[in-house]
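These figures come from a predicted structure and were not determined experimentally. These numbers come from the heavy atoms of this one structure, side chains and all, not from hydrogens, waters or symmetry mates. Letters A, B, ... are given to chains in the order of the sequence lines, protein chains preceding strands, and every chain is numbered from 1.
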Amino acid sequence: MQFSILAGSSANRLFSLETTMTKTQIDRLGARLKKAQFEDADLRLLDGYRRSFADAYNAVVLAIRETLLLQPTGRPSKSTPSIVEKLGRESIRLSQMQDIAGCRVVVSDFSEQELVVSKLHSHFDTAVVIDRRKKPSHGYRAVHIIVTTCERNVEIQVRTALQHRWAEFSEKLADVRDPAFKYGGGEETLRRQLFDISDLVGAIESLEEQLRDMSRGQIASAPGMMVRIDPVVQEVKDQVDQTRRKLDAILIKMIDEVKKAD
Amino acid sequence: MIFLIDYDRRRGEIVSMRTFNHDQSQAADETRLQLELDLKRDQIDREVVVLEAASEADLRRTHRRYFEDMASLAATPTLDVKRP
């Protein structure tokens, strides 16, 4: 398979020629990046390869914005350190990486996430859904949808506000403390707390879904009538509040621990 | 809008951020490449990323880690996200 890389059109551009890279050449580039032994020429090749996702990225983001009326934030190409890290920690080749280009949609809660995922799945024929809510990846919860178009993959991340909060917090922790936190490593106490928070996010979203189901059931069973708040509903609401407070308490504890260590 | 962010992971801070119009994606890519080459030459380890959003406010909601410290990320409750 060959990948045509058009990266720039004027003579004074850094990458001015249309280059064709075979899958083998891409993977050889990946191997050099993995060893962190790369030259300027490799950065230029990587730049060209990343730019070859532009048509696919633009098609997917445009469809999301104009057809599905969502406002994703796009990342037309994955950063060099992120690519190098991914190649280093996984037995994946550069040509197999599914998230070179991508975008992110943050929605308010689980049921909106379900709705958005369903819309995206219906809209894109090639969509493959990766649900990281039931089986989180090192605590990371979200739904990723991989769409293939123009012979390229584009990853759409759909996160709830709570899942997003966890993801951003854990990434920041990885940035400033230890990159290993991102992939289930790092100092044990903080790592365990991150996992606890992730579990609580799952618990809150599950409870909120229960509440939604209960309220649907009540409305269906008593149309047009004043509905008395069921004690069971109140109990679940209290559980949600308690779990949220617990989550906030762990976050504050983590901040204190990080400050102490600094 | 297109945003070119030069981010220092260890310090958890943005070193510089440049904005481009939607039709300047090629210029953003070229600036990124030049910045990456310069950083490599000077042996400086930083993350350079191009992002695209309707506004800077949207970008700050979906990519908070570039803009906020850990305490702020921990303190802020649910995001004020747009409904689809």
Side-chain angles (χ1 to χ4, degrees), chain A residues 7-9 13-15 38 40 43-44 46-47 50-51 54 57-58 61 65 68-82 103-109 112 115-116 119 159-162 164-165 167-169 171-177 179 244 248 251-252 254-255 258-259, chain B residues 1-3 5-13 22 25-41 45-84:
Chain A
S9 54
R13 295 220 158 91
L14 292 163
F15 207 89
F38 49 93
D40 286 4
L43 271 182
R44 288 194 170 89
L46 179 64
D47 180 68
R50 287 188 294 206
R51 288 198 214 185
Y57 165 82
N58 287 330
V61 169
R65 287 195 177 129
L68 304 174
L69 304 177
L70 297 168
Q71 281 292 345
T73 296
R75 193 212 53 207
S77 58
K78 199 173 180 73
S79 72
T80 304
S82 299
C103 63
R104 179 178 297 164
V105 180
V106 182
V107 298
S108 58
D109 58 25
E112 264 189 90
L115 181 70
V116 166
K119 280 183 183 176
R159 298 176 178 173
T160 65
L162 271 178
H164 182 55
R165 188 184 184 193
E168 294 283 301
F169 183 80
E171 277 208 65
K172 192 79 187 190
L173 183 69
D175 286 344
V176 298
R177 293 283 296 186
R244 280 184 178 270
D248 287 339
L251 280 172
I252 290 164
M254 287 182 81
I255 293 294
V258 170
K259 275 183 188 162
Chain B
M1 287 175 82
I2 296 169
F3 303 86
I5 294 176
D6 175 4
Y7 176 70
D8 185 330
R9 286 185 175 178
R10 287 187 194 125
R11 295 173 65 90
E13 289 170 2
H22 274 302
S25 63
Q26 198 156 291
D29 285 340
E30 281 166 12
T31 310
R32 177 189 60 186
L33 174 59
Q34 188 58 63
L35 186 52
E36 285 196 318
L37 290 167
D38 292 346
L39 289 167
K40 182 179 173 294
R41 185 195 59 223
D45 180 20
R46 284 212 294 263
E47 178 182 349
V48 183
V49 66
V50 173
L51 297 166
E52 191 190 13
S55 66
E56 188 175 325
D58 280 357
L59 178 71
R60 285 175 179 270
R61 269 192 290 270
T62 56
H63 289 75
R64 297 177 64 192
R65 98 175 219 269
Y66 293 119
F67 299 95
E68 298 177 46
D69 62 17
M70 281 188 62
S72 165
L73 289 171
T76 318
T78 310
L79 286 169
D80 176 21
V81 292
K82 285 179 183 172
R83 288 195 165 266

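Looking at A:Val258, only its side chain comes within 4.5 Å of chain B, counting heavy atoms on both sides. Contacts between A:Thr160 and chain B at a heavy-atom distance below 4.5 Å are absent for every atom of the residue. Contacts of A:Leu173 with chain B are made by both backbone and side-chain atoms, with heavy-atom separations under 4.5 Å. For chain B, no part of A:Pro179 is nearby; none of its heavy atoms comes within less than 4.5 Å. No part of B:Phe3 comes within reach of chain A, as not one of its non-hydrogen atoms sits under 4.5 angstrom from that chain.
Checked by atom type and distance alone, the side chain of A:Arg75 never pairs as donor or acceptor with a backbone atom of B:Val50 at under 3.5 Å. Of the possible donor and acceptor atoms, one in the side chain of A:Glu168 sits under 3.5 Å from a partner among the backbone N and O of B:Arg65.
Taking each heavy atom of B:Ala74 and A:Phe169 in turn, the nearest pair found is CB-CE1, 3.8 Å.
By number of non-hydrogen pairs under 4.5 angstrom with chain B, the leading residue of A:Cys103, A:Ala167, A:Ser77 is A:Ser77. Considering only heavy-atom pairs separated by less than 4.5 Å from chain B, the leading option among A:Lys78, A:Lys172, A:Arg159, A:Arg65 is A:Lys172. No other option in A:Leu251, A:Val61, A:Thr73 has as many heavy-atom pairs under 4.5 Å with chain B as A:Thr73. Per-residue heavy-atom pair counts under 4.5 Å with chain A were compared for B:Glu13, B:His63, B:Arg46, and the maximum is reached by B:His63. The candidate with the highest count of non-hydrogen atom pairs below 4.5 Å against chain A, out of B:Arg11, B:Arg10, B:Arg32, is B:Arg32.
Residues B:Arg41 and B:Asp38 are paired through a salt bridge, judged by an N-O separation under 4.0 Å between the basic side chain and the carboxylate. Between A:Asp248 and A:Arg244, no side-chain nitrogen of the basic residue sits less than 4.0 Å from a carboxylate oxygen of the acidic one, so the salt-bridge criterion is not met.
Donor-acceptor pairing under 3.5 Å is lacking for the side chains of B:Ser72 and B:Arg64.
Just one of B:Arg9, B:Glu47, B:Arg60 meets the side-chain hydrogen bond (donor to acceptor under 3.5 Å, both in side chains) condition when paired with B:Tyr66; it is B:Glu47.
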